[in-house]
Undergrad: 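What follows is a single structure, and I will ask about it in a moment.
Quick caveat, the model's predicted, so the values are computed rather than measured.
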Amino acid sequence: MPELPEVETVRRGLERLVLNKTVQEVNVLWPRIIESPSAEDFAALLIGETIEKMERRGKFLIFRFSHYDMLSHLRMEGKYEFHEHAQDALDKHTHVIFKFTDGTELRYLDVRKFGRMSLVPSGEALLHRSLAKLGPEPTQDYFELAPFQQKLRKYHKAIKPLLLEQTLVVGLGNIYVDETLWQAEIHPEQPADTLTNKEIERLHSAIIDVLDRAVKAGGSTIRTYMNALGEAGKFQRQLHVYGRTGEPCERCGTLIVKIKVAQRGTHFCPNCQKLRNRKPREHK
DNA sequence: ATTAATCCCTGGAGGC
DNA sequence: TGCCTCCAGGGATTAA
């Protein structure tokens, strides 16, 4: 499932493949993929548009066209395929085809059809309903400890689903959130407002570190994820808890367990990540 | 106001 | 072999 590291890897691939290409025609084979405007308008408005920049915000890809910004979220299994020749056989999960004036093609594939695209006037991408509420990018420059600390105090909700909301910080999905909580030694169900300052500092560092290392590894290939160049990621080799149920924790040897937290499969070490009843007193 | 549940989708795995 | 059920889950939406 593409999370920030996978989306960033796709962005980099697309930057090499489709920058400066001009759209000749767009075919939408599964209209529900297009959130807005209508699939017909989406296709018509893109004709003659040139891709001037490839950006990313959280897990959203932003194609900056001459007069429009195209938002694209891959959700679970969305992927882009670049084809030098339009006559290449069409995979049955192809839902949107961008035909360029030079005869090449960019195809959007999505087995489960969960991915979504929208088209808005240039410069309005970040104002879009789904992007406006996003938290900071998970890097040293944008993700500051103090505001993070403040926000965590406001919610009693379990830390894992809170981090998945993308409002405190962007980029974490089910894999990296489990990895981050393991690294920070925090139980996924620990209520946010019961975290100690020490724990919040560890969590803050872990989020930046895990996502940064995953980007450098080209993301993780768990089931089907491939980048725009068709290459697998390498970070799955560095995973400590995700998909390792029943294997020994690399820190303490206790067997990794899997539970459900807010409908999501959740992996953690029951020894390193203990659930506390309440916040212990902190001394200065 | 926060938080929980539901929905969208299909392929793969496991049971019998 | 084949049919059935269950599971994977991000984010929008609806309900409590």
Undergrad: Could you work out which one of C:dA8, B:dG11, C:dG11 sits closest to the side chain of A:Lys258?
TA: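 The listed nucleotide nearest to A:Lys258's side chain is C:dA8.
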Undergrad: When the aromatic ring centroids of A:Tyr68 and A:Phe63 are compared, is their separation below 6.0 Å?
TA: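 No, the ring of A:Tyr68 stays outside the 6.0 Å limit from the ring of A:Phe63, centre to centre.
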Undergrad: Looking at B:dT10, B:dA5, B:dA4, which one has an atom nearest to any side-chain atom of A:Val111?
TA: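 Of all the options, the side chain of A:Val111 is nearest to B:dT10.
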Undergrad: Which of the following nucleotides, B:dG11, C:dA12, B:dC9, is nearest to the side chain of A:Phe114?
TA: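 For A:Phe114, the side-chain atoms sit closest to B:dC9.
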Undergrad: Looking at every strand, decide which applies to A:Glu3 at a 4.0 Å heavy-atom threshold: base, sugar-phosphate, or nothing.
TA: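 The residue A:Glu3 makes no contact with any strand.
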Undergrad: What does A:Lys160 touch in the nucleic acid at a heavy-atom separation under 4.0 angstrom: a base, only the sugar-phosphate, or nothing?
TA: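 The residue A:Lys160 makes no contact with any strand.
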Undergrad: Among B:dT2, C:dA8, B:dG11, which is the nearest nucleotide to the side chain of A:Lys260?
TA: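 Selected nucleotide: C:dA8.
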Undergrad: In terms of side-chain heavy atoms of A:Gln263, which of B:dT2, C:dG10, B:dA5 is nearest?
TA: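 Between B:dT2, C:dG10, B:dA5, the one nearest the side chain of A:Gln263 would be B:dA5.
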Undergrad: Exactly one of A:His93, A:His95, A:Lys79, A:Met76 should register a side chain to side chain contact (heavy atoms under 4.5 Å, CB included) with A:Asp110. Which one does?
TA: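 Exactly one pass, corresponding to A:His95.
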Undergrad: Among B:dG11, C:dG10, C:dT13, which nucleotide sits nearest the side chain of A:Arg129?
TA: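 Looking only at side-chain atoms, A:Arg129 lies closest to C:dT13.
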Undergrad: Quick one: list whatever passes side-chain contact (heavy atoms from CB on, under 4.5 Å) with A:Glu52, sequence neighbours left out.
TA: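 If we apply the side-chain contact (heavy atoms from CB on, under 4.5 Å) test to A:Glu52, skipping adjacent residues, the hits are A:Ser66.
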Undergrad: Within 45 degrees of the axis of the six-membered ring of A:Trp182 and under 6.0 Å from its centre: does A:Arg244 put its NZ or CZ there?
TA: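 Checked: cation-pi criterion not met.
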Undergrad: Between A:Lys21 and A:Thr101, do the side chains contain an N or O donor and an N or O acceptor separated by less than 3.5 Å?
TA: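 No, no side-chain donor-acceptor contact under 3.5 Å.
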Undergrad: Estimate the overall bend of the helix from B:dT2-C:dA16 to B:dC16-C:dG2 from the end axes over five pairs each, rounded to 10 degrees.
TA: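 Helix axis angle between the two ends: 50°.
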Undergrad: Given C:dA12, B:dT3, B:dG11, identify the nucleotide with an atom nearest to the side chain of A:Lys157.
TA: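 That would be B:dT3.
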